Amino acid sequence: MEKKRLTRSFYTKPTLKVAKELLGKYIVRKINNKNLEGKIIETEAYIGPQDKASHAYGGKITSRNRAEYLVGGHIYIYLVYGMYWQLNITTAEGGKPECVLIRALDLDKLANGPGKVCRYLKLNKSFYGEDLTESKRIWLEDRGEKIKPSQIIATKRIGIDYAGPYWANKKWRFVLKS
DNA sequence: GTACAGATTGAG
DNA sequence: TCAATCTGTACT
């Protein structure tokens, strides 16, 4: 099977397009010469600064969210609830706070939630700002799997009711039907 | 300096 | 249904 690392041009496309195209791609995490891999089956788009659910709403830059402004293809990782890491991949051009949250991998309960994805892949703050097109320990691969539009389910995003009904009802969460 | 909510999860 | 657990942000 052909394996191809995704390059910068994949990530710099519009965020919603990248979020959908990430479905079916494989994330590869190399630990001590062993590869942990999983197919991405659920993503969620965050498009700041107009997106109230985004940490960059209003164009804010803090030490927590600054990675969100990096050019597409970088990791934006942060801690929520004091215990769970959220793995995001930045999209669009540099200076634009847009990213895609990786919510689940096809790993049967091992990674069926954003916190679990990071636990399984052993990700932590040392990956903050990691470049997925250059890194030797984590990257994304295209393995030639073709995803049909009919396999993609668009739903409302999760856990952001505080952003108000307009943003909370945006169907920016994408799930790959198996 | 202090208060408090949050892109979650797992146990009860 | 709720506790675990801690960072960023908005107060004083």
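Quick caveat: nothing in here was measured; it's all calculated off a predicted structure. Within every chain, numbering begins at 1; the chains are lettered A, B, ... in the order of the sequence lines, protein sequences first and strands thereafter.
- Nearest-nucleotide positions on DNA chain C for A:Y81 and A:K125 put A:Y81 closer to the 5' end.
- No more than 12 heavy-atom neighbours from other residues, nucleotides or ligands sit within 6.0 angstrom of NZ on A:K96.
- The distance from atom NZ of A:K109 to atom P of B:dA11 is 12 Å, rounded to the nearest whole Å.
- Distance check: A:K177 NZ to A:L23 CG gives 12.5 Å after rounding to the nearest 0.5 Å.
- Between the CD1 atom of A:I102 and the P atom of B:dT8 there is a distance of 14 Å, rounded to whole Å.
- Protein atom OH of A:Y46 is 13 Å distant from nucleotide atom P of B:dG6, rounded to whole Å.
- Across C:dT9, C:dC6, C:dG8, the shortest atom-to-atom separation from the side chain of A:L79 is found for C:dC6.
- Atom C1' of nucleotide C:dT9 and atom OH of A:Y57 are separated by 16 Å, given to the nearest angstrom.
- Nucleotide B:dA11 holds its P atom 11 Å from the CE atom of A:M83, rounded to whole Å.
- Residue-level contact check: A:R119 touches the backbone only, with heavy atoms under 4.0 Å from sugar-phosphate atoms and none from bases.
- Whole-Å rounding puts the A:R157 CZ to B:dT8 C1' distance at 17 Å.
- Among the atoms of the strands shown, only primed sugar atoms or phosphate atoms (P, OP1, OP2) are found under 4.0 Å from some heavy atom of A:R103.
- Look at A:K60 and you won't find any side-chain N or O under 4.0 angstrom from OP1 or OP2 of C:dG8.
- As rounded to whole Å, 15 Å separates atom P of C:dT7 from atom CD of A:Q86.
- One can place NZ of A:K116 at 8 Å from C1' of B:dG10, the figure rounded to the nearest angstrom.
- For the pair A:R29 and A:Y120, the cation does not sit on the ring face, since its NZ or CZ is not both under 6.0 Å from the ring centre and inside 45° of the axis.
- Looking at heavy-atom distances under 4.0 Å, A:L101 makes contact with a base.
- Across all strands shown, A:N88 has heavy atoms under 4.0 Å from base atoms, whether or not it also approaches the sugar-phosphate.
- Among the protein residues, A:S63 comes within range of the sugar-phosphate backbone only, with heavy atoms under 4.0 Å from sugar or phosphate atoms but none that close to a base.
- Side-chain contact between A:I102 and A:L105 is present, with at least one heavy-atom pair separated by less than 4.5 Å.
- Judged by distance alone, the side chains of A:E44 and A:Y46 do bring a donor and an acceptor atom under 3.5 Å apart.
- In a base pair of the Watson-Crick type (N1 to N3 plus N6-O4 or O6-N4) or a G-U wobble (N1-O2 and O6-N3), with each distance short of 3.5 Å, C:dT5 is matched with no nucleotide.
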